[in-house]
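Single-structure report; data block below.
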Amino acid sequence: HFSTGNVRTMSSMFSESDVEILDLSHFETNSLEYVAEMFAYCEMLEEVTLDGWDFSQVVDFTGMFLECNDLFTVQKLGIQVQTKVQKMSS
């Protein structure tokens with residue numbers, strides 16, 4: 001597993017990837033602030049698991065799933081978004 005507890009940005013991390021299924025439930029995201037276009041243009045992506053993710057510090061969700069036309073399932077139990085969010089769009 002990657003050590004992601006101090007990561008502030010995951011913007012474009014999987015952008016344009018050919019992956020179909022991602023289980024990212026093991027990522028530590030307590031410092032995460034930017035997820036803009038994290039999965040953008042992942043045209044084959046069908047399922048993402050984000051269980052356990054902490055979005056409380058995220059301020060930019062812009063285009064997180066932009067053009068993910070085959071995306072059918074996003075699993076995130078207990079999602080909470082704080083008022084710090086500055087940008088959120090498809």
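Remember, predicted model here, so these are calculated numbers, not experimental data.
- Side chains of Leu45 and Glu47 form no contact here, defined as non-hydrogen atoms less than 4.5 Å apart.
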Donor-acceptor contacts under 3.5 Å from residues 9-20 side chains, at least two apart:
residue : atom : partner : partner atom : Å
Thr9    : OG1  : Ser11   : N            : 3.2
Thr9    : OG1  : Ser11   : OG           : 3.2
Ser11   : OG   : Ala36   : N            : 3.3
Ser15   : OG   : Ala40   : O            : 3.2
Ser17   : OG   : Val19   : N            : 3.2

Requested in this report: Begin with the C-alpha distance, continue with both residues' side-chain angles, and end with the deciding distance and a verdict on side-chain hydrogen bond (donor to acceptor under 3.5 Å, both in side chains) for Thr49 and Asp51.
Outcome: CA-CA 6 Å; Thr49 302; Asp51 291 344; 5.7 Å; no
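- Put simply, the side chain of Glu28 reaches to within 4.5 Å of the side chain of Thr4, judged on heavy atoms.
- Using a 4.5 Å cut-off on side-chain heavy atoms (C-beta onward), Phe65 and Val74 make contact.
- Closest approach of Glu67 to Glu43, counting heavy atoms only: O-CG, 3.9 Å.
- With rounding to the nearest 0.5 angstrom, the CG atom of Leu66 is 10.0 Å from the SG atom of Cys42.
- A distance-only check finds no donor-acceptor pair linking the side chain of Ser31 to the backbone of Val7 [under 3.5 Å].
- The two residues Asp70 and Met44 make their nearest non-hydrogen contact at OD2-CA, 4.3 Å.
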Requested in this report: Dump the intermediate steps for side chain to side chain contact (heavy atoms under 4.5 Å, CB included) on Phe55 and Leu50, then the final yes or no.
Outcome: CA-CA 10 Å; Phe55 289 113; Leu50 304 174; 4.1 Å; yes
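- Between the CD atom of Glu46 and the CG atom of Leu22 there is a distance of 11.5 Å, given to the nearest 0.5 Å.
- Summarising the geometry, atom CE belonging to Met38 is positioned 13.0 Å from atom CG belonging to Asp60; distances are rounded to the nearest 0.5 Å.
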Report task. Determine, stepwise, if the pair Leu32 / Trp53 fulfils side chain to side chain contact (heavy atoms under 4.5 Å, CB included). Result -> CA-CA 9 Å; Leu32 194 58; Trp53 275 44; 3.8 Å; yes
